[in-house]
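The next block holds one structure in the form of structure tokens; read it before the comments.
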Amino acid sequence: MAREQLNSAAYNWHAFAGRQDLAAALAGHVAGRLTNAIAERGTGLLAVSGGTTPARFFASLSNIPIAWNKVTVTLVDERCVPASSPRSNAGLVAANLLQNAAAAARFVPLYEEVASVGDTSESDSRMLRSLPWPLDVVVLGMGTDGHTASFFPDADNLEKLLDPSSERVVLPVHAASADEPRLTLSLARIVEAGFIALHIEGEDKRKTFESAMASATQKPIRAVLDAAERPVEVFWAP
Ligand SMILES: O=C(O)[C@H](O)[C@@H](O)[C@H](O)[C@H](O)COP(=O)(O)O
């Protein structure tokens with residue numbers, strides 16, 4: 001896999017003939033990284049994205065027999081909806097990842113139904129702050145607008161979301177282009193992960209990624225690559 005070195009961002013491009021091949025390969029990489037983390041520090045901390053892309057990957061990963069009882073799974077970002085909603089990333093993870101061997105993992109959500117998103121992000125920071133940071137593995141998705149996590153280009157607090165020196169764990173997001181209020185891990189927590197994967201599928205997202213890497217105007221996905229402490233592993237299939 002050719003490694004593309006850019007002026008300030010580094011990534012490795014892993015292209016697959018099919019989406020199932022990608023899912024199996026990404027699941028193998030993630031399982032291996034979690035196993036190494038457990039061997040090194042007795043625990044593994046994984047953050048995954050939601051949306052429509054990751055279901056195959058979740059299913060593949062759920063069947064790999066690692067020491068899931070020593071793994072904590074959380075979310076990169078979440079829509080502020082009940083876990084029972086079809087829009088819920090927690091619901092997606094429960095139905096697709098926390099099954100089979102992976103059912104033994106601990107899951108820590110970002111969103112709990114409280115009075116306001118602001119209250120949630122404060123309480124989640126406290127709740128999540130007790131996790132064994134930094135992340136061992138983070139799996140990002142990307143929209144065709146170049147957002148990743150819930151770093152929407154029109155977010156009202158985008159600069160704060162993308163601050164690489166932030167001490168925050170979780171931040172609230174209000175963006176007209178998002179269908180509902182969101183909660184997201186801060187960029188600072190994402191880029192310190194031991195293994196950063198970007199899982200994208202289809203020609204539109206390949207073009208979005210290439211454009212973001214080539215363009216002077218920084219899209220959120222480029223801010224992540226520029227701030228990442230190690231090359232981002234991009235997994236793509238048509
Ligand atoms: O909550 C979410 O939607 C995700 O965490 C988000 O960052 C996602 O990765 C992209 O929006 C791509 O979504 P699709 O996989 O649906 O294209």
Side-chain angles (χ1 to χ4, degrees), residues 11 16 19-20 22-23 26-27 30 46-61 73-98 107-112 117 120-121 124 128 135 137-155 157-158 161-162 169-187 189-191 193 196-209 211-212 219-225 228 232-238:
Y11 65 94
F16 296 85
R19 296 181 176 186
Q20 190 55 46
L22 184 160
L26 178 55
V30 169
L46 165 66
V48 293
S49 296
T52 59
T53 301
R56 284 189 193 88
F57 156 63
F58 287 164
S60 295
L61 182 58
V73 179
T74 190
L75 290 166
V76 169
D77 64 337
E78 180 61 288
R79 299 84 178 271
C80 293
V81 295
S84 57
S85 163
R87 294 281 300 159
S88 167
N89 288 339
L92 179 80
V93 167
N96 295 278
L97 175 54
L98 304 177
F107 178 67
V108 177
L110 295 192
Y111 175 72
E112 290 178 330
V117 172
T120 303
S121 64
D124 274 303
L128 286 164
L135 289 166
V137 177
V138 63
V139 183
L140 301 173
M142 187 189 73
T144 51
D145 60 354
H147 86 262
T148 189
S150 284
F151 308 149
F152 291 93
D154 62 341
N157 56 343
L158 186 59
L161 300 175
L162 300 182
V169 174
V170 173
L171 288 162
V173 180
H174 294 279
S177 63
D179 294 321
E180 60 278 290
R182 300 281 189 108
L183 289 167
T184 188
L185 294 185
S186 60
L187 174 140
R189 302 291 70 75
I190 289 170
V191 298
I196 308 171
L198 172 64
H199 178 188
I200 53 176
E201 296 176 351
E203 282 303 320
D204 288 349
K205 289 189 180 182
R206 183 183 59 77
K207 289 173 184 167
T208 297
F209 180 81
S211 161
K219 292 188 185 294
I221 186 62
R222 180 63 188 269
V224 170
L225 269 91
V232 171
E233 304 297 333
V234 186
F235 288 72
W236 176 82

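Atoms within each ligand, like the ligands themselves, are counted from 1 in listed order. Owing to the predicted nature of the structure, the values given are computational and were not obtained by experimental measurement.
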Exercise. For Val108, does its backbone N or O pair with a side-chain atom of Thr74 as donor and acceptor, under 3.5 Å?
Worked result: yes
For this session: For ligand 1, would you mind listing the residues that have at least one heavy atom less than 4.0 Å away, ordered by chain and number?
Result: Ser49, Gly50, Gly51, Thr52, Thr53, Asp77, Arg79, Asn89, Gly141, Met142, His147, Ala149, Arg182, Lys205
For this session: Keeping the roles fixed (side chain from Arg56, backbone from Ala23), state whether a donor-acceptor pair exists under 3.5 Å.
Result: no
Exercise. Once the angle between the rings of Phe209 and Tyr11 is folded into 0 to 90°, is it parallel (under 30°), tilted (30 to 60°) or perpendicular (over 60°)?
Worked result: perpendicular
For this session: Please confirm whether the backbone N or O of Ser177 pairs with a side-chain atom of Asp154, one donor and one acceptor, at under 3.5 Å?
Result: yes
Problem set entry | Reference residue Met142; test side-chain contact (heavy atoms from CB on, under 4.5 Å); the match among Val234, Thr53, Thr208 | Thr208
Exercise. Do the side chain of Glu180 and the main chain of Cys80 share a donor and acceptor less than 3.5 angstrom apart?
Worked result: no
